[in-house]
Amino acid sequence: MKITIGAVVEGGSSLQYRTGSWRLERPILDHDACKDCGRCEEVCPDSAVHWEEAGFRIDYDYCKGCGLCAYECPEEAIQMIPEEK
Amino acid sequence: MSRTQVLEGSEAVAWAVRACRPHVISAFPISPQTHIVEQLARMVADGELDAQYVRVESEFSAASVVSGASAAGSRAYTASSSQGLLLMTEVLYASAGLRLPFVITGVNRAVSAPITIQVDHQDTISLRDCGVLQFYAESAQEAYDLHLAAFKIAEAPDVLLPVMVCMDGWILTHSYEPVSLLEQEVVDRFLPQFRPVHFLDVNHPKTWGSYAEEDVLMEFRYSIQRAMEGAKTRIREVFTQLGELTGRDQGGLVEAYRTEGAEVVLMAMGSVAGTIKEVVDALREEGQKVGLVRIRCYRPFPHEEIWSAVRGAKVVAVLDANVSMGSEGAVSMDLKAKFYGRPGAPKVFPCIAGLGGREVAPEVVREIIRRALEGDEAEDGSWQPYWAGLRPEILP
């Protein structure tokens with residue numbers, strides 16, 4: 001790694017940091033209860049919820065386990081469970 | 001190729017800035033700097049200069065505006081004095097770290113309290129550590145020339161640091177002298193458009209000044225220091241180029257004035273050099289071996305040039321128009337740091353002269369030279385600062 005003049009960093013470099021390792025609680029999405037409203041995707045501060053063909057998917061590489069998605073979900077389709085390592 | 005006009009020093013600077021075609025100018029009034037930005041405001045209002053003129057609510061904002069403008073890829077300019085410059089301090093450290101090449105005029109004025117508008121170098125000297133290059137002008141003409149050089153040096157890809165052109169308040173900003181101005185097309189050839197290495201762009205987002213910890217911060221600081229030292233080559237080159245255009249040779253990083261074979265060399269910055277040259281000429285007539293080294297570029301500190309100019313002298317008497325309270329003048333400290341341990345280094349006689357507008361008249365300079373020759377240092381060899389022209393009778 002080399003430093004840059006003025007500490008200028010190109011966009012997208014935060015992908016190198018797998019901040020999912022900070023997580024204490026893991027959100028589990030119940031696809032049967034989910035109505036695909038997309039509220040979780042909107043509120044996720046880490047852009048760790050993605051829409052895919054089979055429904056919403058949580059990217060555990062970057063989800064820090066803040067629980068906003070579970071709090072906001074109108075269907076209570078997301079449960080936070082303790083992370084075990 | 002040039003025309004000569006009788007101009008106020010502030011006007012001369014405004015003409016230089018105008019010729020450099022800045023995109024953004026930020027301004028906040030403070031004496032004695034105000035005439036410069038007033039002239040620039042007039043030029044923008046009259047359509048002579050196509051620049052965004054931003055009137056801000058403080059000097060902190062003035063520095064922040066040029067910092068942001070520079071990051072967006074603009075050539076940017078501001079000016080201030082005294083407390084105003086000190087209010088910019090935090091932003092100037094950040095701007096150097098972000099490697100933003102704007103130019104700022106530091107119109108020298110003493111720092112409160114007690115409040116005063118008189119000239120000394122305490123304000124700009126207090127900013128010597130922040131990573132901003134500092135030039136000091138002796139005349140309005142030199143202030144004009146230094147501003148043209150400043151943008152070119154600041155924007156050089158191997159420098160990329162802010163440059164501050166310092167000039168004595170009132171003495172230079174408010175007096176009139178004939179100033180030779182270059183034609184616009186000559187300046188345009190000398191100073192092409194700013195080509196930033198990085199710039200803020202919504203279509204290509206990036207982070208500036210990203211967070212740095214103990215594994216890299218030291219290297220960022222080192223690269224500023226390396227850019228500063230490397231800037232010396234660039235400064236010499238640009239001063240020479242400009243000298244060829246103007247036909248004026250005001251010196252390089254320093255001006256060595258009659259230093260050949262000098263026993264005593266005076267060292268100073270700014271307009272006081274005019275008086276010192278008069279005294280040097282008079283004393284040389286009388287057969288005394290004295291000379292002057294005038295520092296034109298204070299940061300980076302030109303110790304190589306100084307060494308060449310003063311080697312062989314017995315004493316270098318430094319006139320500092322500033323004092324680091326609890327120690328002595330900044331220039332004498334710099335000089336001693338570079339001379340210490342070098343075989344054949346002259347002694348350094350630290351003088352505090354010209355604080356708060358106290359006049360440094362020819363007889364004050366003569367007295368400094370007399371003391372330097374006499375060598376009134378203490379028995380242990382240490383030489384306490386001499387406060388030239390101090391009035392001990394009015395001390396409480």
Side-chain angles (χ1 to χ4, degrees), chain A residues 1-27 29 36-53 55-72 78 80 82-85, chain B residues 66-73 91-102 130-132 154-162 194-228 230-231 234:
Chain A
M1 195 264 310
K2 284 202 183 258
I3 60 168
T4 54
I5 295 296
V8 174
V9 177
E10 294 296 324
S13 60
S14 60
L15 286 170
Q16 293 166 31
Y17 300 96
R18 303 282 167 112
T19 46
S21 64
W22 304 2
R23 195 171 51 242
L24 297 177
E25 288 188 321
R26 168 185 289 254
L29 173 59
D36 296 342
C37 71
R39 185 84 183 119
C40 53
E41 184 188 26
E42 280 171 18
V43 299
C44 177
D46 283 298
S47 301
V49 182
H50 303 289
W51 172 254
E52 291 177 355
E53 258 179 58
F56 283 100
R57 181 182 65 82
I58 295 166
D59 186 341
Y60 293 111
D61 281 345
Y62 303 103
C63 165
K64 295 189 189 116
C66 71
L68 261 179
C69 54
Y71 182 82
E72 290 285 339
I78 301 174
M80 300 301 292
E83 190 68 63
E84 283 171 26
K85 282 182 186 155
Chain B
V66 287
S67 171
S70 186
V91 186
L92 292 179
Y93 269 89
S95 304
L98 296 171
R99 307 297 295 272
L100 301 171
F102 54 82
C130 66
V132 174
E155 292 168 7
D158 52 353
V159 178
L160 288 180
L161 286 168
F194 174 33
R195 300 252 175 248
V197 178
H198 301 289
F199 59 93
L200 295 174
D201 177 3
V202 284
N203 296 316
H204 186 59
K206 54 184 81 166
T207 297
W208 282 59
S210 55
Y211 183 68
E213 288 210 354
E214 80 290 349
D215 56 338
V216 290
L217 198 276
M218 195 167 173
E219 284 71 22
F220 280 110
R221 305 305 294 169
Y222 181 79
S223 40
I224 298 177
Q225 169 68 5
R226 197 174 55 179
M228 271 271 181
R234 186 66 64 192

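Because only heavy atoms are used, hydrogens play no part in the values below, and waters and symmetry mates are left out as well, while side chains stay in. Naming: A, B, ... by sequence-line order, numbering from 1 per chain. These numbers were taken from a predicted model, which means no experiment stands behind them.
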Trainee: What part of B:Leu160 is in contact with chain A, defined as an atom under 4.5 angstrom from a non-hydrogen atom: side chain, backbone, both or neither?
Mentor: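 Looking at B:Leu160, just its side chain touches chain A.
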Trainee: Please check if atom CG in B:Leu217 has more than 12 non-hydrogen atoms from other residues, nucleotides or ligands closer than 6.0 Å.
Mentor: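 Above 12, so yes.
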Trainee: Name each donor-acceptor pair under 3.5 Å that joins a side chain in residues 195-204 of chain B to protein atoms two or more places apart or in another chain, with its distance.
Mentor:
{"from": "B:Asp201", "atom 1": "OD1", "to": "B:Asn203", "atom 2": "N", "distance (Å)": "3.0"}
{"from": "B:His204", "atom 1": "NE2", "to": "A:Glu10", "atom 2": "OE1", "distance (Å)": "2.9"}

Trainee: If you round to the nearest 0.5 Å, how far is CD of B:Glu219 from CD1 of A:Ile3?
Mentor: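 Separation between the atoms: 6.0 Å.
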Trainee: According to side chain to side chain donor-acceptor pair (under 3.5 Å), who are the partners of A:Arg26, at least two apart in sequence or on a separate chain?
Mentor: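 Residues passing side chain to side chain donor-acceptor pair (under 3.5 Å) with A:Arg26: A:Glu83.
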Trainee: Please round to the nearest 0.5 Å and tell me the distance separating atom CD1 of B:Ile224 and atom CD1 of A:Ile5.
Mentor: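 So the gap between those two atoms works out to 9.0 Å.
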Trainee: Considering only heavy atoms, which portion of B:Ser223 lies under 4.5 Å from any heavy atom of chain A: side chain, backbone, both, or neither?
Mentor: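 For B:Ser223, the contact with chain A is made by the side chain alone.
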